[in-house]
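Below is one structure, written out as structure tokens; comments come after it.
One is the number of the first residue; the rest follow in order along the sequence. Everything numeric in this text was worked out from a predicted model, so none of it was measured.
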Amino acid sequence: MRITEGDLNFDFEADDGSLASKYDEWIFYRNHFCKIAESVKAIDFIYIDKKQRCTWLIEVKDYRHPHTEPIKPSELADAVVLKVRDTLAGLVAAQCNANDDAEKQISKAALNMPKINVVLHIEQTHCRWSIDPADLKIKLKQKLKAVDAHPKVVSKDRLTSDMRWVVG
């Protein structure tokens with residue numbers, strides 16, 4: 001299953017019934033949930049990995065692309081944390097109130113998994129700032145430990161072995 005974000009193509013393993021979805025484009029999120037407050041945010045993708053029995057919340061920042069929102073490295077961890085929080089709240093609401101059956105089913109499946117993994121996928125070959133992935137991971141770990149005690153900061157060339165997708 002392929003999902004595109006900017007210039008990046010994410011190919012998710014789905015042969016076993018695993019599901020991937022571009023959450024920030026859901027009808028429920030765009031037309032209903034984001035109107036709760038002005039500052040409601042969303043992660044980019046949800047991947048329900050049935051083989052590993054976990055839900056992946058994936059945020060993508062491609063600083064190689066000129067239109068990427070200019071979030072300074074010092075603010076990036078906080079931005080991801082807010083997106084994770086708001087996405088989890090959105091999934092809870094969507095499982096009950098989404099009008100789109102696929103969105104409702106994905107919400108239920110995501111919330112029924114026994115584990116949540118958070119990933120920040122960052123590309124920065126020609127970005128304005130130099131972002132230290134190790135420092136970013138420490139900040140995310142401190143703030144997200146109630147959701148995922150081991151968040152990951154990756155790039156297309158540095159995916160971890162438990163990630164059942166490739167990026168091109």
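A 4.5 Å side-chain heavy-atom check between S18 and E13 finds every atom pair outside the cut-off. For the pair V118/L140, no side-chain contact is recorded, criterion being any heavy-atom separation below 4.5 Å from C-beta on. Between N99 and I27 there is no side-chain heavy-atom pair separated by less than 4.5 Å.
With a 6.0 Å radius and a threshold of 12 heavy atoms from other residues, nucleotides or ligands, K137 has its NZ atom at or below the threshold.
Both V84 and V92 belong to a single network of hydrophobic side chains, linked directly or stepwise wherever heavy atoms of I, L, V, M, F, W or Y lie under 4.5 Å apart. In the hydrophobic cluster analysis, where Ile, Leu, Val, Met, Phe, Trp and Tyr join through side-chain heavy atoms closer than 4.5 angstrom, V147 is grouped together with V81. When the side chains of ILVMFWY residues are joined at heavy-atom separations under 4.5 Å, either directly or via intervening members, W56 and L19 end up in two distinct hydrophobic clusters. In terms of hydrophobic clustering, with Ile, Leu, Val, Met, Phe, Trp and Tyr side chains grouped at heavy-atom distances under 4.5 Å, L111 and F33 are assigned to a common cluster. L91 and I3 sit in two unconnected hydrophobic clusters of ILVMFWY residues. Membership requires side-chain heavy atoms under 4.5 Å apart, directly or through other members.
Using modelled atom types, no side-chain atom of E5 and backbone atom of V60 make a donor-acceptor pair closer than 3.5 Å. Looking only at distances, no side-chain donor or acceptor of E103 sits under 3.5 Å from a matching main-chain atom of A94. At least one donor-acceptor pair under 3.5 Å links the side chain of K22 to the backbone N or O of T4.
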Let's go through I43 and I58 carefully: what are the C-alpha distance in whole Å and the side-chain angles of both, what is the deciding distance for side-chain contact (heavy atoms from CB on, under 4.5 Å) to 0.1 Å, and is it a yes or a no? CA-CA 6 Å; I43 54 95; I58 305 165; 5.8 Å; no

Could you walk me through whether K104 and F28 pass side-chain contact (heavy atoms from CB on, under 4.5 Å), step by step? CA-CA 9 Å; K104 189 177 275 193; F28 180 77; over 6 Å; no

Quick one, V119 with Y47, criterion side-chain contact (heavy atoms from CB on, under 4.5 Å). Give me CA distance, side-chain angles, the key distance, then yes/no. CA-CA 11 Å; V119 176; Y47 177 52; over 6 Å; no

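For the atom pair E123 CD and K61 NZ, the distance stands at 13.5 Å (nearest 0.5 Å). The CG atom of N117 sits 8.0 Å away from the CE atom of M163 when rounded to the nearest 0.5 Å. Between atom CG of residue L57 and atom CG of residue L88 there is a gap of 5.5 Å, rounded to the nearest 0.5 Å. Taken from NZ in K50 to OG1 in T55, the straight-line distance is 10.5 Å, to the nearest 0.5 Å. Residue T87 holds its OG1 atom at 10.5 Å from CD1 of I116, rounded to the nearest 0.5 Å. Once rounded to the nearest 0.5 Å, the distance linking CG of D44 with OG of S21 reads 11.5 Å.
Y23 pairs by the ring pair (Phe, Tyr, Trp, His ring centres under 6.0 Å) definition with W26, Y29, not counting sequence neighbours. For D78, the side-chain hydrogen bond (donor to acceptor under 3.5 Å, both in side chains) partners two or more places apart in sequence, or in a different chain, are K143. Applying the salt bridge (Lys or Arg N to Asp or Glu O under 4.0 Å) test to R2 and every residue at least two apart in sequence or in another chain returns D11.
Closest heavy-atom contact between I48 and A109: CD1-CB, 4.0 Å. Minimum heavy-atom separation, A110 to I46: CB-CG2, 4.2 Å. Considering every non-hydrogen atom in both E25 and R30, the closest pair reads CA-NE, 3.6 Å. D86 and S39 get closest at one heavy-atom pair: OD2-O, 3.7 Å.
The pair D16-K51 does not meet the salt-bridge criterion, since no charged nitrogen lies less than 4.0 angstrom from a carboxylate oxygen.
The aromatic rings of F12 and W165 sit tilted relative to each other, their planes meeting at an angle between 30° and 60°.
Considering K141, K145, Q142 in turn, K141 is the only one that fulfils the side chain to side chain contact (heavy atoms under 4.5 Å, CB included) rule with P151.
Ring centroid separation for the pair F45 and H121 does not come in under the 6.0 Å cut-off.
D162 and T160 are linked by a side-chain donor-acceptor pair at a separation below 3.5 angstrom, with hydrogens and angles left out of the test.
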